[in-house]
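Report on one structure; see the data block that follows.
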Amino acid sequence: MADTVIEVENLWKEYRLGVISHHTLSRDLQSWWATVRGKDDPNSPVGTGLSTVSLPPLDGDRFWALQNCSFEVKQGDLLGIVGPNGAGKSTLLKILSQVTAPSKGEVRFKGRLASLLEVGTGFHPELTGRENIFLNGAILGMSKGDIRQKLDEIIAFAEVEKFLDTPVKRYSSGMYVRLAFAVAAHLEPEILIVDEVLAVGDARFQRKCLGKMEQVGKEGRTVLFVSHNLEALLNLCTKGVLLQGGRLVAAGSAREVVHHYVNQYATQKTLQHWTDLETAPGNDKAKLVKAQVRPSDGSCDTICSDAPFEFDFTFFSMIPGESNLDVTYHLLDERRVLVYVGSTAFSRNDSFKPGFLRATCRVYGNLLSEGTYTVSRLLLVKDRGTIVYEHKDVLSFQVVHPSAGREGWSGEKEGVIRPKLDWDLYPCG
């Protein structure tokens with residue numbers, strides 16, 4: 001179609017562990033000459049006539065980094081690419097950026113492309129920041145006059161004016177990334193590809209970059225973005241693809257893909273109970289005996305967004321004498337965003353002697369949206385300041401909404417919480 005700017009068809013990429021060539025100059029030249037003539041690489045295990053969907057398994061030191069990936073990207077799409085480490089995300093971006101060639105398959109794209117795959121991509125370390133701006137612009141096919149028009153804007157965005165005439169080999173990694181992103185984003189490529197490299201920058205600069213990529217998308221240009229920061233990806237991207245083991249396993253809206261990704265790797269852990277204090281987790285001051293999340297009415301094991309549920313925590317305290325003890329937990333959503341902190345310190349001020357201590361926290365219905373949640377930190381705190389014991393990722397559970405389509409709403413609600421609010425609606429004219 002006319003508005004398709006990237007088309008990936010049956011993409012395969014093979015790597016050899018510890019090998020960067022075919023071992024001999026003659027085989028390297030043979031492969032290069034085949035490429036020049038548009039022929040298949042005779043030294044590749046993927047030869048002429050092999051089906052792209054039934055390739056033989058690789059043995060020894062060979063492995064597939066990408067396997068039979070196919071998808072399209074439309075003009076103006078903000079596409080997020082997610083997946084666990086080793087899924088093939090960076091390999092895919094390197095092929096799209098023409099840094100490396102696929103072993104099999106085709107990539108077709110339309111328009112000028114700029115990529116930021118790692119710190120210093122496309123920069124010459126001996127050249128100054130100013131010279132590298134002009135070098136990158138020339139690589140993108142821009143005239144010197146066009147680059148000069150954008151120069152002040154690039155310098156202001158990168159915030160490296162003081163060091164602009166210093167060789168970039170003396171830049172810190174953060175300065176490198178700031179300048180590299182400013183160049184890639186401001187020289188008006190039709191397609192912008194950004195890998196996880198933005199994680200090098202500080203939080204303020206990351207927000208600045210995300211805002212710029214959003215602006216690029218609104219201008220009708222296309223952005224491909226790889227990040228493990230699911231919150232940033234959801235805020236920026238409209239579409240997504242999920243890679244696993246080199247294969248494309250899901251594609252659709254960014255929200256659907258992230259939800260699929262999180263649920264695929266989430267492990268439900270709604271109850272942990274240690275009956276033997278000797279083996280229970282803890283230290284010489286306290287032991288965690290039980291942690292559970294359950295519906296308040298106990299009618300089923302499913303936690304519904306419109307019904308109350310509760311957390312139940314039991315500790316065994318070995319602190320001598322009477323102590324003021326509080327139980328605190330941190331609840332995260334599937335994007336690792338802190339939803340709230342619950343603590344008995346907000347409502348109680350009791351002293352306890354050594355022995356069992358149980359805390360139950362009731363959560364109202366119509367509070368949490370659908371999704372996967374984790375009790376990331378469970379704390380037993382003494383005297384409102386001293387952490388006696390901390391247990392991480394103690395519980396994980398899913399919240400579902402059983403009444404989709406009811407109350408005039410047919411889709412998922414956005415946001416971390418979904419409170420049921422009282423409204424008045426009436427004509428006033």
Within this structure, what is the [atom1]-[atom2] distance for the pair [X] and [Y], rounded to the nearest 0.5 Å?
| X | Y | atom1 | atom2 | answer |
| --- | --- | --- | --- | --- |
| Leu127 | Asn132 | CG | CG | 5.0 Å |
| His186 | Ile154 | NE2 | CD1 | 7.0 Å |
| Phe315 | Leu378 | CZ | CG | 4.0 Å |

Between the side chain of [X] and the main-chain N/O of [Y], is any donor-acceptor distance below 3.5 Å?
| X | Y | answer |
| --- | --- | --- |
| Thr222 | Gly76 | yes |
| Asp312 | Gln292 | no |
| Glu334 | Thr372 | yes |
| Lys89 | Leu243 | no |
| Glu190 | Lys110 | no |
| Thr374 | Asp393 | no |
| Gln272 | Val394 | yes |
| Lys208 | Phe157 | yes |
| Asn283 | Val388 | yes |
| Arg178 | Ala158 | yes |

Using the benzene-type ring in the case of Trp, are the ring centres of Tyr389 and Phe316 under 6.0 Å apart?
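Aromatic pair excluded; centres sit 6.0 Å or further apart.
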
Take atom [atom1] in [X]; do more than 12 heavy atoms of anything else shown fall under 6.0 Å from it?
| X | atom1 | answer |
| --- | --- | --- |
| Tyr364 | OH | no |
| Leu425 | CG | no |
| Lys290 | NZ | yes |
| Glu161 | CD | no |

Without hydrogens or angle criteria, can the side chains of Thr344 and Asp326 be said to hold a donor-acceptor pair below 3.5 Å?
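Thr344 vs Asp326: donor-acceptor pair found between side chains.
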
Modelled atom types, side-chain donor and acceptor of Ser103 and Lys13, under 3.5 Å
no

Just say parallel, tilted or perpendicular for the rings of Trp12 and Trp64, cut-offs at 30° and 60°.
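Perpendicular: the ring planes of Trp12 and Trp64 meet at over 60°.
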
What heavy-atom pair brings Cys69 and Leu248 nearest, and what distance separates the two atoms?
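Of all heavy-atom pairs spanning Cys69 and Leu248, the closest is SG-N, 3.9 Å.
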
side-chain hydrogen bond (donor to acceptor under 3.5 Å, both in side chains) partners of Glu126, counting only residues at least two apart
Lys169

What residues form a side-chain hydrogen bond (donor to acceptor under 3.5 Å, both in side chains) with Glu7, not counting sequence neighbours?
Arg108

Any Lys/Arg nitrogen of Glu370 or Arg418 sitting under 4.0 Å from an Asp/Glu carboxylate oxygen of the other?
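Judged by the 4.0 Å cut-off on N to carboxylate O distance, Glu370 and Arg418 do form a salt bridge.
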
